[in-house]
S.K.: 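Handing you a structure now.
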Amino acid sequence: MVLKIYGVPLSTCVRRVAVVCKEKNVPYELVTLDLQAGEHKSPAYLEKQPFGQVPYIVRPLSPPLPDATSTQEDASGLIPTDPKAIALFEQAASIEVTNFDPSASGIAAEKIFKPARGVKGSDERAAELAATLEDRLQGYERILSKQKYLAGDCPTARCVKQITLADLFHLSYGYVITSIGYEQLSKTPNVARWWKDISSRPSWQAVKDGA
């Protein structure tokens, strides 16, 4: 039995899960739901996912899957275990959820998701969100001028000095807005360098157009 992801291939959140699976070499099966028919709001689905959202993940019990954490012997972890590194990771994760996701997902909503549902999106609102995102990315530029990835470099030997989930979670919405012509991620040198790095990873290339 492999890990099962319930959702749709182009869902931004489904692709977030899929890219982590690819990074960790975890095989998965995508179980496609009919969102237009409201399958994700059915009583059976709501029993599993009370909010009626995707993805819903079923993890096999045996054999155990590799987790996303790292140890001194395993440098491939996406969530560090060293206390100092954990603090840097949590800081980086909060940066994504507060300073990137609201603007990038908002742009996607106005320019893609609303029109796909037959609702007129607001170009004015999208422009406001793009301006906010550009301003927030100035903070990213300052951070990334000092370190390769958002979680930073921890001075102890046990710290992860590489990509983490905090970086990977930018990929789905970053790719969406970039694909429709928004250039905020390429306007400053260190953000552009970081974005090219994470968006070129084989794991993302494997799922960027569908999990």
S.K.: Which value, rounded to the nearest 0.5 Å, describes the distance between Leu165 atom CG and Arg16 atom CZ?
M.R.: 10.5 Å
S.K.: Under a single-linkage definition using a 4.5 Å side-chain heavy-atom cutoff for Ile, Leu, Val, Met, Phe, Trp and Tyr, are Val58 and Val31 assigned to the same hydrophobic cluster?
M.R.: yes
S.K.: Please answer: with hydrophobic residues joined when any side-chain heavy atoms are less than 4.5 Å apart, are Leu185 and Ile180 in the same cluster?
M.R.: yes
S.K.: How far apart are the closest heavy atoms of Ala109 and Pro115, and which atoms are they?
M.R.: O-CD, 4.0 Å
S.K.: Taking Thr164 for its side chain and Ala166 for its backbone only, find out whether a donor-acceptor pair lies under 3.5 Å.
M.R.: yes
S.K.: Say whether Tyr173 and Ser105, considering side chains only, have a donor N or O and an acceptor N or O under 3.5 Å apart.
M.R.: no
S.K.: State the CG-CD1 distance between Leu3 and Ile57, to the nearest 0.5 angstrom.
M.R.: 6.0 Å
S.K.: Give every residue pair that meets the side-chain hydrogen bond (donor to acceptor under 3.5 Å, both in side chains) criterion with at least one member in residues 191-202, sequence neighbours excluded.
M.R.: Glu23-Arg201, Tyr149-Asp197, Asp167-Trp194
S.K.: Taking Ser179 for its side chain and Tyr175 for its backbone only, find out whether a donor-acceptor pair lies under 3.5 Å.
M.R.: yes
S.K.: Among Glu134, Glu141, Arg142, find the residue that satisfies the side-chain contact (heavy atoms from CB on, under 4.5 Å) test when tested with Thr188.
M.R.: Glu141
S.K.: What residues form a side chain to side chain contact (heavy atoms under 4.5 Å, CB included) with Leu35, not counting sequence neighbours?
M.R.: Val8, Leu33, His40, Val54
S.K.: The criterion is side-chain hydrogen bond (donor to acceptor under 3.5 Å, both in side chains); which residues satisfy it with Gln91, sequence neighbours excluded?
M.R.: none
S.K.: By ring-ring contact (aromatic ring centres under 6.0 Å, His included), which residues pair with Tyr6, not counting sequence neighbours?
M.R.: Tyr56
S.K.: Taking the side chain as everything from C-beta on, heavy atoms only, tell me whether Leu133 gets closer than 4.5 Å to Ile177.
M.R.: yes
S.K.: In Å, rounded to the nearest 0.5 Å, how long is the span from CG of Leu171 to OG of Ser203?
M.R.: 7.0 Å
S.K.: Of all the heavy-atom pairs spanning Val14 and Gly7, show the shortest one and how long it is.
M.R.: CG2-CA, 4.0 Å
S.K.: Is the shortest side-chain heavy-atom distance between Leu78 and Leu168 below 4.5 Å?
M.R.: yes
S.K.: Over 60° means perpendicular and under 30° means parallel, so tell me whether Phe100 and Tyr140 are parallel, tilted or perpendicular.
M.R.: tilted
S.K.: Quick one: are Lys111 and Asp123 in side-chain contact, heavy atoms under 4.5 Å?
M.R.: yes
S.K.: Excluding sequence neighbours, so at least two apart, what forms side-chain hydrogen bond (donor to acceptor under 3.5 Å, both in side chains) with Lys114?
M.R.: Glu110
S.K.: Tell me whether Arg15 contacts the main-chain N or O of Val207 through its side chain, where contact means a donor paired with an acceptor under 3.5 Å.
M.R.: no
S.K.: Give a yes or no on whether the backbone of Ser186 and the side-chain of Glu183 come within a donor-acceptor separation of less than 3.5 Å.
M.R.: no
S.K.: If I take atom CD from residue Gln138 and atom CG from residue Asn99, how far apart are they, to the nearest 0.5 angstrom?
M.R.: 12.5 Å
S.K.: Answer yes or no: is there a donor N or O on one side and an acceptor on the other, between the side chain of Lys4 and the main chain of Glu29, under 3.5 Å?
M.R.: no
S.K.: Who passes side chain to side chain contact (heavy atoms under 4.5 Å, CB included) against Pro102, sequence neighbours left out?
M.R.: none
S.K.: Any side-chain heavy atom of Gln36 sitting closer than 4.5 Å to one from Asp34?
M.R.: yes
S.K.: Give a yes or no on whether the backbone of Gln53 and the side-chain of Tyr45 come within a donor-acceptor separation of less than 3.5 Å.
M.R.: yes
S.K.: Would you indicate whether the side-chain heavy atoms of Leu150 and Leu88 approach each other to under 4.5 Å?
M.R.: no
S.K.: Please say yes or no: joined through hydrophobic side-chain contacts below 4.5 Å, possibly via intermediate residues, are Phe89 and Ile86 part of one cluster?
M.R.: no
S.K.: If we only count heavy atoms from C-beta on, is the Tyr28 to Ile5 side-chain gap below 4.5 Å?
M.R.: yes
S.K.: Do the side chains of Thr132 and Arg136 get nearer than 4.5 Å, heavy atoms only?
M.R.: yes
